[in-house]
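Structure, as structure tokens:
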Protein chains: 2
Amino acid sequence: MSLAAIKNIECGDCPIRHRAVCSRCDTDELQELDAIKYYRTYEAGQPITWSGDRMDFVGSVVTGIATLTQTMEDGRTQMVGLLLPSDFVGRPGRDNAAYNVVATSTVVMCCFRRKPFEELMSRTPHIAHRLLEMTLDELDAAREWMLVLGRKTAREKIASLLSILARRDASLQASKADGAIVFDLPLTREAMADYLGLTLETVSRQMSALKRDGVIQLEGKRRVTVPEMERLIAEAGDDSDGACLS
Amino acid sequence: MSLAAIKNIECGDCPIRHRAVCSRCDTDELQELDAIKYYRTYEAGQPITWSGDRMDFVGSVVTGIATLTQTMEDGRTQMVGLLLPSDFVGRPGRDNAAYNVVATSTVVMCCFRRKPFEELMSRTPHIAHRLLEMTLDELDAAREWMLVLGRKTAREKIASLLSILARRDASLQASKADGAIVFDLPLTREAMADYLGLTLETVSRQMSALKRDGVIQLEGKRRVTVPEMERLIAEAGDDSDGACLS
DNA sequence: TAGTAGCTTTGACGCAAATCAAATTGGGTG
DNA sequence: CACCCAATTTGATTTGCGTCAAAGCTACTA
């Protein structure tokens with residue numbers, strides 16, 4: 001897939017438009033953005049940024065999935081974000097990456113050189129506004145997730161994650177026959193465990209339990225069918241209506 | 001304490017200046033802010049906002065401490081933020097509160113009516129910029145906390161919380177003789193438990209254990225002395241250098 | 001001064017999830 | 001096709017934290 005194709009299929013002239021950062025930019029501003037942007041592809045498993053390293057770009061995911069993780073010295077790791085197409089990476093004004101960002105599938109990033117981006121942002125109020133909205137959404141998602149990490153049981157944690165992934169796929173692909181939702185897990189059991197603050201064995205056991213109880217069906221390891229979304233949401237502990245993660 | 005006193009002592013002409021949201025505002029803009037702001041006092045235990053309720057202001061804490069919590073239907077609650085003086089409350093563009101915000105001590109808030117504030121913000125780029133920075137800081141704090149909730153042991157959780165509180169007090173009050181830091185816990189054992197994803201009994205037990213092991217000293221229930229900050233940080237699991245919470 | 005109520009501590013016990021260990025599956029490769 | 005390796009599942013055992021229960025502090029009130 002050529003970058004031109006990506007541009008046309010995924011992004012229009014400005015990939016960041018995924019979440020409309022520059023949907024209100026005028027032609028001049030778009031040209032400025034184009035002048036400082038470039039595409040980069042990362043293979044599955046490859047790091048995009050490493051915590052502490054210098055980071056001279058910001059950008060957004062065009063295709064693929066990446067994870068945001070924090071680690072302790074002894075190796076314990078906690079995922080703190082799941083980056084899907086259109087999600088923003090990097091922090092304007094910050095020189096060094098604060099997290100490990102790793103591609104879990106082949107990822108195409110649309111990057112902007114950081115300094116010129118910051119400068120453009122300071123001249124272009126609606127970019128800052130949009131970035132503020134996106135950041136507030138991420139903050140809500142992070143806080144929602146704190147409830148999952150701090151107070152839910154293993155089964156509820158799994159159901160919460162599946163519920164979020166199912167909801168996302170349902171809205172994206174509308175791949176539902178009657179009321180059932182089918183989607184592919186974008187994460188290994190270990191990555192799920194890192195997200196949920198569990199061990200991979202516990203994740204596996206709870207997946208088996210949900211399958212045994214008919215809440216989900218599994219074809220192979222990755223393809224999940226949710227016959228009744230309501231049932232899954234109930235298993236998740238039914239906190240409000242489940243904010244999206246990001 | 002009169003509001004005039006608060007203005008002079010705590011805020012200058014614009015209380016939000018605590019975190020310099022409008023430090024770059026010109027005189028006209030400050031006057032506009034003054035025109036839409038008001039002070040309000042909440043007693044300990046009193047709710048400031050309730051999740052789902054309409055919220056027609058944003059604002060910042062001037063004095064006192066408030067907590068941000070999420071709850072499940074069965075009553076399980078998770079604290080997702082601790083609001084200290086200068087912290088911002090509310091989300092521009094959102095009609096209904098997403099969290100329960102409760103005063104844990106007497107709290108004075110400086111509020112701005114939401115609609116005019118949003119309108120002012122859209123005309124005043126540096127307010128949006130500052131708000132973006134503050135939100136990014138909160139997001140970092142939330143993600144740091146996800147590691148605590150997901151991967152740390154009870155003892156490490158307590159040490160992490162104490163370490164953050166001690167660090168904050170150390171920078172605020174410089175109340176250290178030689179290397180020791182002394183501060184008052186602003187939270188009950190139950191509130192600590194809600195923050196850490198533990199029960200209050202476990203919090204109590206771990207506090208006792210840290211005391212027994214000489215990591216901390218306690219006078220009464222609330223006053224804590226940390227003889228060696230390094231030791232406490234080591235107990236916390238020593239992830240990087242401990243980001244601030246907010 | 002005694003009484004009460006909220007917060008805190010401590011103890012005994014049980015359970016959910018971690019740990020340790022092995023077996024099974026399945027996709028990719030020579 | 002047979003092999004290999006990584007991912008996953010399943011089982012046995014341990015353990016950290018939750019649950020239930022009771023008692024101790026401290027501050028406030030009558």
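Chain A is the first sequence line, chain B the second, and so forth, proteins listed ahead of strands; every chain is numbered from 1.
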Any residue in residues 209-218 of chain B with a heavy atom nearer than 4.0 angstrom to DNA chain D? Just list them by number, or reply none. none

Start at the 5' end of DNA chain C and walk down; is the nucleotide closest to A:T153 or to B:V203 reached first? B:V203

List the residues meeting salt bridge (charged side-chain N to carboxylate O under 4.0 Å, His left out) with [X], not counting sequence neighbours, and say none if there are none.
{"X": "A:R231", "result": "none"}
{"X": "B:D213", "result": "B:R155"}
{"X": "B:R223", "result": "B:D184"}
{"X": "A:R151", "result": "B:D194"}

Rounded to the nearest angstrom, tell me the gap between atom [atom1] in [X] and atom [atom2] in [N].
{"X": "B:L198", "N": "C:dA16", "atom1": "CG", "atom2": "P", "result": "18 Å"}
{"X": "A:K157", "N": "C:dA16", "atom1": "NZ", "atom2": "P", "result": "14 Å"}
{"X": "A:R223", "N": "C:dG26", "atom1": "CZ", "atom2": "C1'", "result": "17 Å"}

Using the test side chain to side chain contact (heavy atoms under 4.5 Å, CB included), find all partners of B:E43 that sit at least two apart in sequence or belong to another chain.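 B:E43: side chain to side chain contact (heavy atoms under 4.5 Å, CB included) contacts with B:T41, B:Q46, B:T106.
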
For A:V102, side chain to side chain contact (heavy atoms under 4.5 Å, CB included) partners two or more places apart: A:W50, A:T67

Counting only heavy atoms not in A:E201, do more than 12 sit closer than 6.0 Å to its CD atom?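 Counting neighbours around CD of A:E201, more than 12 heavy atoms of other residues, nucleotides or ligands fall under 6.0 Å, so yes.
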
Are there any protein N/O atoms within less than 3.5 Å of an N/O atom in nucleotides 5-8 of chain C, and if so, which ones and at what distance?
residue, atom, partner, partner atom, Å
C:dT8, OP2, B:R189, N, 2.8

Angle between ring planes, B:Y195 versus B:W145, binned at 30° and 60°: parallel, tilted or perpendicular?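 Taking B:W145 first and then B:Y195, their aromatic rings sit tilted (interplane angle of 30° to 60°).
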
Might you point out which heavy atoms bring [X] and [Y] nearest each other, and give the distance in Å?
{"X": "A:P186", "Y": "A:R168", "answer": "CG-NH2, 4.4 Å"}
{"X": "A:A98", "Y": "A:S51", "answer": "O-OG, 3.3 Å"}
{"X": "A:T225", "Y": "A:A180", "answer": "CG2-CB, 4.4 Å"}

Looking at five pairs on each end of the helix from C:dT1-D:dA30 to C:dG30-D:dC1, what is the angle between the two axes, given to 10 degrees?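 About 30°, once rounded to a multiple of 10°.
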
Taking side chain to side chain donor-acceptor pair (under 3.5 Å) as the definition, give me every residue that meets it alongside A:T202, ordered by chain and number, with sequence neighbours left out.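 With sequence neighbours excluded, A:T202 shows a side chain to side chain donor-acceptor pair (under 3.5 Å) to A:T199, given in chain and number order.
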
I'd like a list of close polar pairs between nucleotides 20-22 of chain C and the protein, N/O only, cut-off under 3.5 Å.
residue, atom, partner, partner atom, Å
C:dC20, N4, A:E201, OE2, 3.2

State, yes or no, whether a side-chain contact exists between A:L68 and B:R143 at a heavy-atom distance under 4.5 Å.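 They are in contact (side-chain heavy atoms under 4.5 Å apart), so the answer is yes.
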
Reading DNA chain D 5' to 3', which nucleotide is the first, and which the last, to come under 4.0 Å of any heavy atom in chain B?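 Under 4.0 Å from chain B, the extent on DNA chain D is D:dC17 to D:dC20.
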
Salt-bridge present (A:R76, B:E156; N to O < 4.0 Å):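 Salt bridge present between A:R76 and B:E156.
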
Only one of A:L210, A:V226, A:I233 passes side-chain contact (heavy atoms from CB on, under 4.5 Å) with A:L162, and that residue is A:L210

